[in-house]
Amino acid sequence: MTDLILKSFNGVAQHKSYGGKTLQQNLENAEKAIAKVQYTERIWDRSRSQWMLKFLTCSNADGWLRIRQISAEMNRKRMALKEAKFGYMKKLTEAKIKRDEMLEEENENKKLLLEIEAAEFESQAAESLVKVEGALKEVETLGQLHDELKERLGDVTEEEFEKAQTKAHIKRAVMQSVRDVKSSGKIQNGNAEYLEQAGLSTSAIFKEILAFIEQESRSGIGNTSMLHQFLDAVAEKYEGAVIQQAEWLGFDPNANMNLTYDGK
C-alpha cells in the first residue's frame, strides 16, 4: 500500500515534511504505528463486551423480559452481520473487476487509477472483515446467554411468555420504583403510571418499598440478592391485581392462546 501511495504521489514523497524528514519517511513511520496498534482492533471490534451484554443490555428484572431482549439484540446483530458479510463480498468482487480492467488498459495513468481503486476496495473489504468478526462474537455471546437462560425458564414458547407477562412487568415497575424512592423519596410519575397499568396501588407498593429499603439497610448485605427476593415476593403477592384492572378496562385478563406461535 505504501509503495502504491508513493507511486501515486509522483515525486511528492521526497517533499520535506515534519521532524526534518521526507514525506516518504513519515508515511513509512505512520504505517508502522498503524500496524503496531492494529491488533487491538481484534479486541475492540464491537461496541459491547460480553460483560456489557450480560449485565447492562440484558439485565431486566425478569427472566422472560431478559430472553426477549436477547432475541431483539440477536435480530439487530443478525441484520448487521448480514450487511457486513455482503459488504465484504461486494468490495472484494469490485476489486477483482478493477484488476481485470487493469490487464486490458494501455494508458498508464488510467491503469494506475484502476490499481488505486482496486486497492481502495480491498482495504474497505479488510475493514468490513473486522466488523464481521465483531458481529460474530456478539452473536455467539447472545446465543450462549439464550442457552443459559433457557435452562432456567424451561419451555420457551409465546404461550409461556404471555402467561409470565404480569409478574415480569410488576418486577420491572417495582425495581424502577425502588430506584425512585432511593433517589427522591417517592415513586415518580412514570413508574407510578406503570404500576397502575398493572393494577397495583402505588400507596401499597410505596409502603412495601419503604419496608424493603429499611430491611436492606439493616442487613449490611452488599449485593442485590435481597432486591431480587423482594421483587419475586412482590410479584407473587400482587399478581392478581391485574384481574380487576382488566375488568375495569373491559378486557379479558388472559391472552388468546390461539394467537400464539408454538414453534412447531
Side-chain angles (χ1 to χ4, degrees), residues 48-76 138 140-246 253-255:
R48 299 170 298 184
S49 66
Q50 293 183 43
W51 192 96
M52 292 171 69
L53 283 172
K54 290 179 182 179
F55 298 106
L56 302 184
T57 305
C58 302
S59 60
N60 205 286
D62 181 78
W64 283 96
L65 294 185
R66 285 198 294 277
I67 203 164
R68 179 183 183 275
Q69 185 64 43
I70 288 170
S71 178
E73 294 296 327
M74 182 68 88
N75 176 265
R76 283 192 285 271
E138 286 205 21
E140 289 206 52
T141 299
L142 291 167
Q144 179 184 336
L145 298 183
H146 165 270
D147 292 346
E148 291 170 352
L149 195 51
K150 191 174 184 295
E151 284 186 16
R152 300 177 95 190
L153 295 175
D155 191 21
V156 177
T157 65
E158 190 174 357
E159 179 176 344
E160 292 302 317
F161 174 73
E162 288 290 350
K163 289 178 180 177
Q165 283 289 279
T166 299
K167 283 186 177 180
H169 286 283
I170 289 175
K171 289 180 188 178
R172 183 174 182 178
V174 172
M175 182 171 70
Q176 292 175 178
S177 297
V178 168
R179 295 170 186 162
D180 281 348
V181 175
K182 285 184 175 180
S183 64
S184 66
K186 61 182 180 180
I187 300 174
Q188 299 292 339
N189 288 344
N191 287 318
E193 180 182 17
Y194 195 0
L195 290 166
E196 290 168 353
Q197 287 170 330
L200 276 63
S201 162
T202 54
S203 298
I205 297 302
F206 182 66
K207 290 178 182 178
E208 296 275 9
I209 291 173
L210 288 178
F212 160 70
I213 292 174
E214 176 64 24
Q215 183 183 12
E216 185 185 47
S217 179
R218 284 189 280 103
S219 73
I221 294 175
N223 56 47
T224 56
S225 58
M226 285 188 67
L227 173 62
H228 302 317
Q229 292 169 8
F230 171 66
L231 296 176
D232 287 340
V234 169
E236 186 70 31
K237 181 177 180 179
Y238 290 93
E239 182 183 18
V242 78
I243 296 175
Q244 64 80 34
Q245 181 72 0
N254 301 306

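Keep in mind that this is a model prediction, so the values were computed, not measured. Values below: all heavy atoms of this structure, side chains included; hydrogens, waters and symmetry mates excluded.
Proximity of Lys167 to Trp64: side-chain heavy atoms (C-beta onward) are nowhere separated by under 4.5 Å.
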Intermediate values then yes/no, side chain to side chain contact (heavy atoms under 4.5 Å, CB included), Val174 and Tyr238: CA-CA 11 Å; Val174 172; Tyr238 290 93; over 6 Å; no
List the steps and the verdict of side chain to side chain contact (heavy atoms under 4.5 Å, CB included) for Phe212 and Val234. CA-CA 11 Å; Phe212 160 70; Val234 169; over 6 Å; no
Can you check side chain to side chain contact (heavy atoms under 4.5 Å, CB included) on Arg66 and Gln69, steps first, answer last? CA-CA 5 Å; Arg66 285 198 294 277; Gln69 185 64 43; 5.6 Å; no
From CA spacing to verdict: side chain to side chain contact (heavy atoms under 4.5 Å, CB included), Met74, His146: CA-CA 10 Å; Met74 182 68 88; His146 165 270; over 6 Å; no
Please walk me through it: do Glu148 and Lys54 pass salt bridge (charged side-chain N to carboxylate O under 4.0 Å, His left out)? CA-CA 11 Å; Glu148 291 170 352; Lys54 290 179 182 179; 5.5 Å; no
Kindly determine whether Asp180 and Lys186 satisfy salt bridge (charged side-chain N to carboxylate O under 4.0 Å, His left out), including the steps that lead there. CA-CA 6 Å; Asp180 281 348; Lys186 61 182 180 180; over 6 Å; no
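Of the residues listed (Glu162, Glu158, Lys163), the one engaging Glu160 in a side-chain contact (heavy atoms from CB on, under 4.5 Å) is Lys163, and it is the only one.
A donor-acceptor contact shorter than 3.5 Å is absent between the side chain of Ser217 and the backbone of Glu214. Side-chain atoms of Gln245 never come within 3.5 Å of backbone atoms of Leu200 as a donor-acceptor pair (strictly under, hydrogens ignored).
Taking both residues in full, the closest heavy atoms of Asp62 and Ala168 are given as OD2-CB, 3.2 Å, listed atom of the first, atom of the second, then distance. Leu210 approaches Val181 most closely through the heavy-atom pair CD2-CG1, 4.0 Å. Between Leu153 and Gly63, the closest heavy-atom pair is CD1-O, 3.8 Å. Closest of all the heavy-atom pairs between Tyr194 and Gln176 is CD2-NE2, 3.9 Å. Across every non-hydrogen atom of Met226 and Ser219, the tightest pair is SD-OG, 3.2 Å. When all heavy atoms of Gln188 and Ser184 are compared, the pair lying nearest together is NE2-OG, 2.8 Å.
Of the N and O atoms on the side chains of Asp155 and Thr157, not one donor lies less than 3.5 Å from an acceptor on the other residue. Glu140 and Gln144 share no donor-acceptor pair across their side chains, judged by distance under 3.5 Å alone.
For the atom pair NE2 (His169) and CG (Leu65), the distance works out to 5.0 Å, reported to the nearest 0.5 Å. A distance of 10.0 Å separates CD1 in Ile213 from CG in Leu227, rounded to the nearest 0.5 Å. Residue Lys171 holds its NZ atom at 12.0 Å from OG1 of Thr166, rounded to the nearest 0.5 Å. Taken to the nearest 0.5 Å, the CG atom of Leu195 stands 4.0 Å off from the OG atom of Ser177. Expressed to the nearest 0.5 Å, how far OG1 of Thr141 lies from CH2 of Trp51 amounts to 14.5 Å. To the nearest 0.5 angstrom, Leu53 atom CG is 5.0 Å from Glu138 atom CD.
In summary, Arg48 and Glu73 engage in a salt bridge, as defined by a charged side-chain N under 4.0 Å from a carboxylate O.
Crowding of Glu236 atom CD: a count of heavy atoms from other residues, nucleotides or ligands under 6.0 Å not exceeding 12.
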